[in-house]
Amino acid sequence: MTDEQGSARAEGSRVAEPTRIAEVAVDTPLLHLDRPFDYLVPRDLAGAESPDQVAAGTRVKVRFAGRDRDGWVLRVRERSDDDAGRTLHPLRRLVSPVVTLTPEIAALARSVADRYVGSLTDVLRFAVPPRHARAEAGVLTALEKVGGSPPNPRPEPPADPGGWARIHGGEALLRRLAAGEAPRAAWTHLGSPGSARSMIALAARATRAAGRSVLVVVPDVHDVDRMVPVLSEALGEEVVRLVASDGPSVRARAHLRALTGLARVAVGTRSAAWAPLPGLGLVVCWDDGDDSYTEQRAPYPFAPQVLAMRAEPERTALVYGSVGRSVWSQHLVATGWAAPLRADRPTVRALTPRVRALDEEDVARTGAPARVSTPVWRAIGDGIEHGPVLVQSPRAGYVPHLVCGQCREVARCTATPGCTGALAFTDTAPHPVCVVCGELSPHWQCGECGSTRLRAMRVGVRRTAEELGRAFPRILVTASEAPNRTLEVDRRPRIVVATPGAEPEAEDGYAAGILLDAPLATSLPGLTGGEEALRRWFNAASLVRADRPVLIAGGGDVRLAQTLVRWDPDGEADRELAERRELRFPPTVRAITLTGPLPAVTDLLMEIDLPAGAELLGPFPAPLAARGRGDDDAPEETVRALVRAPLAQGPALSAAVRTGVSVRSAHKREGSVRVVVDPKDW
């Protein structure tokens, strides 16, 4: 008897008279196979006396399409008469007996997959971290030491509402959290990021007093590093970090500690939206307009939207907090889904810096127009007498954008044949460098006019820091940009030049703030360009002390500048929402873009049966950033179509597109189409 015959006989003995069937979501990229498949549960995995018990939420290995694949058990049921006569394969192996996929997260993943036109296993791939056997064993050992019932300490509710007393509805929020209720709110914060963390800690304490768990979701790992110690000190209990960059073992351990109840408070980035905390009572999503909340893998869900989909079924309080109100959270307020939390105008004036937008008359009265005009020099000089000064520069690098000094054409690489990369200056190379191939171009010549003169079209943060260092030779100048980011500075006088999002926090706040290159800062592309520019400005200005100056230099969008001058993010978000409602842009409608080769997009559109009230725009040439690479012919063929429908028809629109993609997948038609729901780049 051969080894294969022996294996087949052994497998046949395992499935003799099985009584249970597992419904398994098989990990496959094909959308038309996104449904549960039935597998027999072998007797050696089904017995109650066996430690290897197959249950809903466990990971398994199954045979599918001639190969072993990963799978999730969604349900285990007894074999019925309806299953008689069916030929089913047995489960190949139980990967782990630990139920790592809770029913709540499984239901949420299914809803997110349906909304964003993706498969369940695609969503579970970033919702649940990969198994790590050593981390799993350590957590199970810790759980045994507490007898399987982790302690759930309940601190006293906060006696002092702190910063919430300045916010209309803030104290009521704390009372409802302490009573175990589930309010939903959009909170516009006044003050520094440090005061925001303190207010989040007070809300977490009120929630923990009711015996419920707390989840805080922030944009990046630096925010996690700042938030964890504040919560640990305020609550006096373990706070787990849910950050992918911590590594597979640390991430798996944190996920399991949250799952088992060993930790009842978690802080993390966008993947933390799926944290399986038992008895979840409060979710805080800080700075919900940040682009980093959009998942970079298909089906590209937006973490704040995922949290909103999670809040109602789990009866969880949800608070979106930010310095500048996002259009997304304003939409929730306008529809009545969330309540606004904000201060009155006298409080706003008392707690915010004095913002001034420089106009042409200001510059003309004090000297010739320049990138750093005389009023800016004076503001910096006055500010460093009282402490550190923040200068926000929207461009990273040294001189990241060079043009011909005569005809203003973009300077392209001439050092490498066939390379058309743009040239830039760095602070280390003596000649311009190609940003694509990295080669120096010491003998550059313009291909249009023949000139050899170069001109800086954009100046980066390091060049700006160099210029300010020469102007203020006795003052320390710090440059902060990713990945060389400075997190904190002390109260000593210095000049900090930073890119948006990389501004360090000052010990007592900055004595002045300068927002350079306003036209560049307010010309961001995409549907949310203006919203993103305003978010960056508000976040930078919030680091400046109250009653200290903030200058907007260079002009830029007058409407955005005046919004910052008035410190009225809610009003601008409401106006932007009204414009999008009139133009039928998200979030007031459900919109889906279909990007790919023209034949593939056209074929997909033929398979989509649009619901009533939906409309089709395009196909039209796709933006350059969305076009393919590597094939010289592919970029010209890449197109984009857009379908949209009223919010009431949103589920039907997603279902129709999903059906079309499934049909193409089942028939193995050529061409790949990228499907994005509610995109930010139109």
*Can any side-chain N or O of Ser213 pair as donor or acceptor with the backbone N or O of Pro278 at less than 3.5 Å?*
yes
*Should the pair Asp34-Arg110 be classified as a salt bridge under the 4.0 Å nitrogen-to-oxygen rule?*
yes
*Can a salt bridge be assigned to the pair Asp70 and Arg59 using a cut-off of 4.0 Å between side-chain N and carboxylate O?*
no
*So how far is it from Leu653 CG to Arg115 CZ, rounded to the nearest 0.5 Å?*
10.5 Å
*Going from CZ on Arg184 to CG on Leu307, what distance comes out if it is rounded to the nearest 0.5 angstrom?*
13.0 Å
*Quick one: closest heavy-atom pair of Ala645 and Gln649, and the distance?*
CB-CB, 4.0 Å
*What is the minimum heavy-atom distance between Ala234 and Ala201, and which atoms define it?*
CB-CB, 3.8 Å
*Is Tyr293 reaching over with its side chain to a backbone N or O of Val217, donor-acceptor style, under 3.5 angstrom?*
yes
*So does Arg226 pair up with Asp220, basic N to acidic O under 4.0 Å?*
no
*Take Arg270 and Asp291 through the salt bridge (charged side-chain N to carboxylate O under 4.0 Å, His left out) test and state the conclusion after the steps.*
CA-CA 10 Å; Arg270 62 172 179 257; Asp291 287 341; over 6 Å; no
*Mark yes or no for whether Gln296, through its side chain, and Thr294, through its backbone, hold a donor-acceptor pair below 3.5 Å.*
yes
Anything under 3.5 Å between a donor and an acceptor, one on a side chain of residues 604-611, the other on a protein residue two or more places apart or in another chain? List them.
unit_1: Glu607; atom_1: OE2; unit_2: Arg669; atom_2: NH1; d: 2.8
unit_1: Glu607; atom_1: OE2; unit_2: Arg669; atom_2: NH2; d: 3.2

*asked:* Using a 3.5 Å distance criterion without hydrogens, assess whether the side chain of Thr602 forms a donor-acceptor pair with backbone atoms of Pro599.
replied: no
*Got a salt bridge between Asp27 and Arg125, using NZ or NE/NH1/NH2 to carboxylate O under 4.0 Å?*
yes
*Would you name the heavy atoms of Ser322 and Asp287 that are closest together and state the gap between them?*
CB-CA, 3.9 Å
*Test side chain to side chain donor-acceptor pair (under 3.5 Å) on Ser326 and Asp288 and set out the steps.*
CA-CA 7 Å; Ser326 70; Asp288 58 281; 2.4 Å; yes
*Interatomic spacing from CE in Met227 to OG in Ser232 - rounded to 0.5 Å*: 9.5 Å
_Closest non-hydrogen atom pair between Ala641 and Leu616, with its separation_ = CB-CD1, 4.2 Å
*Do Glu312 and Trp337 have side-chain N/O donor and acceptor atoms under 3.5 Å apart?*
yes
*Arg590 and Ser654: side-chain donor and acceptor closer than 3.5 Å?*
yes
*asked:* Looking only at the side chains, is there a donor atom on one of Thr595 and Arg674 sitting less than 3.5 Å from an acceptor on the other?
replied: no
*Could you tell me whether a side-chain N or O of Arg63 sits under 3.5 Å from a main-chain N or O of Gly66, the two making a donor and an acceptor?*
yes
*For the pair Met309 and Gln305, evaluate side chain to side chain contact (heavy atoms under 4.5 Å, CB included) and give the outcome as yes or no after the intermediate values.*
CA-CA 6 Å; Met309 298 171 68; Gln305 172 71 66; 3.5 Å; yes
_Looking at Asp68 and Arg92, is any side-chain nitrogen of the basic one under 4.0 Å from a carboxylate oxygen of the acidic one?_
yes
*Quick one: CG on Leu256 to CG on Leu143, what's the gap to the nearest 0.5 Å?*
10.0 Å
*Quick one: do the Ser665 and His32 side chains pair a donor with an acceptor below 3.5 Å?*
yes
*Quick one: does Thr102's side chain have a donor or acceptor within less than 3.5 Å of a partner on Pro276's backbone?*
no
*Over all heavy atoms of both residues, which pair between Thr269 and Val221 is shortest? Give the atoms and the distance, please.*
CG2-N, 3.9 Å
*Considering all heavy atoms of both residues, which atom of Val99 and which atom of Ala55 are nearest to each other, and what is their separation?*
CG2-CB, 4.4 Å
*Going by the angle between their ring planes, with limits at 30° and 60°, are Trp328 and Phe302 parallel, tilted or perpendicular?*
perpendicular
*Got a second to check how far Leu280's CG is from Thr316's OG1, nearest 0.5 Å?*
4.0 Å
_Glu136 and Arg253 ion-paired at < 4.0 Å_ = no
*Give a yes or no on whether the backbone of Gly211 and the side-chain of Asn152 come within a donor-acceptor separation of less than 3.5 Å.*
yes
*Answer with yes or no whether the side chains of Tyr116 and Arg658 bring together a donor and an acceptor at under 3.5 Å.*
no
*Quick check: does any side chain N or O of Arg79 sit under 3.5 Å from a backbone N or O of Ile21, one acting as donor and the other as acceptor?*
no
_Note: Glu238-Arg264 ion pair, threshold 4.0 Å (strictly below)_ = no
_Separation of Tyr39 OH from Leu88 CG (nearest 0.5 Å)_ = 9.5 Å
_Between Phe64 and Phe37, ring centroids under 6.0 Å_ = yes
